[in-house]
Structure formats: C-alpha cells, structure tokens
Amino acid sequence: MKNADFRQPRLSVRARTLGPVLVVGATGAIGSEVVRALLERGADVRVFVRSPAKVAALPARVERVVGSLEDEAAVARAVRGARAAFYVSPHDAQDERLSETFVGACEREGVRLVFAGVHADGRTRAARALSRALYALLMPHYRGKFRLAERVRTCRADPVVLIPGNYYQNDDLCREQLLSGTYPLPLRGITRVDTRDVGDAAARALLDFSVPSGAYALTGPEALSGEQSAANWAAALGREVRHAPDIHVTDALLDAAYGGRKALDFQKSYRLLGRYAAKVTPRELRQTEFLLEREPRTHAQYARDTVAAWRREEREPVAL
Ligand SMILES: NC(=O)c1ccc[n+]([C@@H]2O[C@H](COP(=O)([O-])OP(=O)(O)OC[C@H]3O[C@@H](n4cnc5c(N)ncnc54)[C@H](OP(=O)(O)O)[C@@H]3O)[C@@H](O)[C@H]2O)c1
C-alpha cells in the first residue's frame, strides 16, 4: 500500500537479507505475537529469553539465546548476526538502562531496531519534547518509558517505533466478570488494538527494509469506550454484558494476573483511561493500514475469536 505520509527509507544500517530476526520479550503479550507472525512468514527467528522452559512449545528451528537484558555480553551475543531486532520495554524499574544496552548493541552491530511501546510522537524533536512534557504530567509513571522511546526514535539503528493503543487482549483478564455479565475496566473512549495486528505490523517492519524508519500508530478502526467494549462482548457471548466500571475490581484483577511493577503501571493507567477520552485520527489509521497492508481487526472480531477459544478450551459448548 502506498502512502504519502511516509518518506523514502533512510537506511543507516545495512539492509541484511541473511541472519535470523531477533525477538526480545518472546514470552510476553507482544513478543509472542511477533514470533508467531515471523514464523508464519517463513522467517528465521532467534529469541532472547530468561527462561527457555517458557518457550519450549516453539518449533525447534527457533534459535534460543538465554540471558537477561541486564547482561550486556548476553545482549551483544543475541544481537550479533541478526538481520533485524524487535524490542519491547519491560515493566521494570531499570527500563531505561535495559533499553540503552539493547539500543547500543543494535547501533554497534548495524541491526535495524523495531520497537513497540508508549511514545510521544511529533514531527520534530521540539514537538516531541513538548508532547513528552505534557504526557509526563499526565503519566508520571511512564516518564522513563517516554524518554527511552525517544532514544530509540533518534538512534542510528534505522528504527521503526510502533505505538500500539490499549490492547484488546487486556480484556482477557475479565473472563470471569464477562461470563457473569459485567465489563469492569474503566474506559472513557480510547484507541485500542489487537496484539495479533501488532505482531503482524512488527513482522512487516522487521522483514521489509523498504518500510521507512519513523513512528507508526497501531490502532483498531475506532476508539472504544467501556460501553462499546461491553456491547461487543454481549454480541459475542449472546447474552447481556453491561459496563460496570470498577477501579477496585480492576486493581484486583491486575494484581492477580501480573503483580509487581506491571500491575502498578496498569493500575495508574486505568485511572487515566477512565477519565480521558481520545479518538482514532485518520493519520493513525493510515499508518496502521500502511504497515498491515489491510484493515486492522475490530474489537468485535477479537471478542468473537476469544469466545470461540474459550469454547474450544472447555471442549464442549460452554453454557455462556
Ligand atoms: N498493555 C497494553 O495495553 C499496552 C499498550 C501499549 C503499550 N504497551 C507497552 O508494551 C510494553 C510491554 O510489552 P508486553 O505487553 O509485550 O509486555 P509483557 O507481556 O509484560 O512481556 C514482557 C517481556 O519482557 C521479558 N523481560 C522482562 N524483563 C526482562 C529481562 N530483564 N531480560 C529479558 N527479557 C525480559 C519478559 O520475559 P519473562 O517471561 O522472562 O518475564 C516478557 O517476555 C510496555 O512498555 C507497555 O507500556 C502496553
């Protein structure tokens, strides 16, 4: 798909056609989808994991490099010889230091870096600095994440920065509540996206060096409120689901699912998502469609697929 929004490629790294694509965070929400999308496209894949047991189900042809982002030598080993590299910034108090190690390794090795995470976008450095300052007021817990994304954006590794909206798959946490007829996450109305689409978009940027370096929003076709999300679940389940926003239920779900820093980050974010609304802009949708070369999945589709998966899991039609 051609798109006037995008400049010609600025290849500051060698467009390699050999070597595996390295994926960090392969056991996580986004990284696992990036691995799936790369394998579907026939790419050679190398994962960098702390625990190989967690990727035991991946095909044998996936190369495993075991190590932590805290270990510079292990990161250098993982990046060396890669054709391109995918990075997500974990919910970690040291997230800026960990990403610096990774970005530095990609710069030294001349490996294209594709990153997914929060980023304050803007056409110029000054515009982004202003936008970052505003976000820092609203989301002080992500101050470091906004800084590290700017470091990626301006690095010498031909970077592609993906800016996903709130994942549809965050709703997976609410299975029990949905089956009881309520949707508890507080959402005024925001951009949301399917993690499968994030994986597909990342795979394109990792494999196709004609994708220009820059930042790309990743979003579904429309902004979604809690009411609209609940309505999609109701349609998928074939029964009433009402939006019953409850920050205490949300906090408890996040603690039970993640705990620690990740739960804390999400709890702060959901307090904001319940208060502020944002629309999907035509530019954001164009950027998403450019990378996907198709329309993004809808939340209704995700809800239908998830209910079908629940039914398969139960091995018999679930009395939903
Ligand atoms: N959730 C959303 O709606 C949303 C929306 C937009 C952006 N984001 C951003 O997405 C990012 C998180 O991505 P995600 O959702 O894919 O995260 P995730 O599911 O929490 O996965 C994090 C991955 O990083 C790995 N990891 C953590 N620390 C590591 C270390 N020291 N060394 C090596 N690997 C390490 C984890 O491996 P282990 O299995 O070993 O722990 C895991 O594979 C965050 O920056 C967040 O702000 C999230």
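All of these numbers come straight from a predicted model, not from anything done at the bench. Atoms within each ligand, like the ligands themselves, are counted from 1 in listed order.
Cation-pi geometry between R83 and F209 is not satisfied (NZ or CZ under 6.0 Å from the ring centre, within 45° of the ring normal).
Annotation: V88 places no N or O atom under 3.5 Å from an N or O atom of ligand 1; distance criterion only. Taking only nitrogen or oxygen atoms, main chain and side chain alike, A29 reaches within less than 3.5 Å of ligand 1. Considering backbone and side-chain atoms together, K54 places an N or O closer than 3.5 Å to an N or O of ligand 1. Below 3.5 Å of separation, one finds no N or O of E70 facing any N or O of ligand 1. Between G117 and ligand 1, no pair of N/O atoms sits closer than 3.5 Å.
Side-chain atoms of Y167 do not come within 3.5 Å of backbone N or O of V198 as any donor-acceptor pair. Using a distance-only test at 3.5 Å, with no hydrogens or angles considered, a donor-acceptor pair links the side chain of Q228 to the main chain of S225.
With a 6.0 Å radius and a threshold of 12 heavy atoms from other residues, nucleotides or ligands, E40 has its CD atom above the threshold.
Per-residue contacts place P164 under 4.0 angstrom from the following atoms of ligand 1 (heavy atoms of the residue considered): 6 (C). The atoms of ligand 1 that sit less than 4.0 Å from any heavy atom of K262 are 18 (P), 19 (O), 20 (O). Within ligand 1, counting atoms from 1 as listed, the ones closer than 4.0 Å to a heavy atom of K145 are 45 (O), 47 (O). For ligand 1, the atoms sitting less than 4.0 Å from at least one non-hydrogen atom of I30 are 16 (O), numbered in the order shown with element in parentheses. Below 4.0 Å from some heavy atom of F266 lie the following atoms of ligand 1, by number and element: 1 (N).
Scanning the protein for heavy atoms near atom 22 (C) of ligand 1, the closest one is G28 CA, 4.5 Å. R50 NH2, 3.9 Å is the protein heavy atom nearest to atom 26 (N) of ligand 1. Closest protein heavy atom to atom 23 (C) of ligand 1: G25 CA, 3.6 Å. Among all non-hydrogen protein atoms, the one lying nearest atom 37 (O) of ligand 1 is T27 OG1, 3.2 Å. Atom 11 (C) of ligand 1 has S89 O, 3.6 Å as its closest protein atom, hydrogens excluded (heavy atom only). Ranking the protein heavy atoms by distance from atom 32 (N) of ligand 1 puts L69 N, 2.9 Å first. Ranking the protein heavy atoms by distance from atom 14 (P) of ligand 1 puts Y167 OH, 3.9 Å first. Among protein heavy atoms, atom 46 (C) of ligand 1 sits closest to H91 NE2, 3.7 Å.
Close to ligand 1: S68, with a non-hydrogen atom less than 4.0 angstrom away. In this structure, G165 is part of the shell of residues with a heavy atom less than 4.0 angstrom from ligand 1. Residue D92 places no heavy atom under 4.0 Å from ligand 1.
The heavy-atom pair separating R112 from S213 by the smallest distance is NH2-N, 3.7 Å. Between R192 and L187, the shortest heavy-atom distance links the atoms NH1-CD1, 3.8 Å. Here the closest non-hydrogen pair linking D172 and T306 is OD1-CG2, 4.1 Å. Pairing each heavy atom of H243 with each of L185, the nearest pair is NE2-O, 2.7 Å.
L272 is not connected to L253 by any chain of hydrophobic side-chain contacts under 4.5 Å among Ile, Leu, Val, Met, Phe, Trp and Tyr, and they are in different clusters.
Nearest residue to atom 3 (O) of ligand 1 from L148, N170, T101 is N170 (criterion: closest heavy atom).
To the nearest 0.5 Å, atoms CZ (R147) and OG (S99) are separated by 10.5 Å.
Proximity of Y258 to ligand 1, defined as any heavy-atom pair under 4.0 Å, is not found for any part of the residue. Proximity of P90 to ligand 1, defined as any heavy-atom pair under 4.0 Å, is confined to the side chain (atoms from C-beta onward). When heavy-atom distances to ligand 1 are checked against a 4.0 Å cut-off, D265 has no atom that comes that close, whether in backbone or side chain.
One finds no salt bridge joining K145 and D265 here, because no Lys/Arg side-chain nitrogen approaches an Asp/Glu carboxylate oxygen to under 4.0 Å. We find that D71 and R50 are not joined by a salt bridge, their nearest charged nitrogen and carboxylate oxygen being 4.0 Å or further apart. The pair R143-D95 does not meet the salt-bridge criterion, since no charged nitrogen lies less than 4.0 angstrom from a carboxylate oxygen. Using a 4.0 Å cut-off between a side-chain N of Lys or Arg and a carboxylate O of Asp or Glu, R97 and D92 do not qualify as a salt bridge. The existence of a salt bridge linking R151 and E107 is confirmed by a sub-4.0 Å separation between a basic side-chain nitrogen and an acidic carboxylate oxygen.
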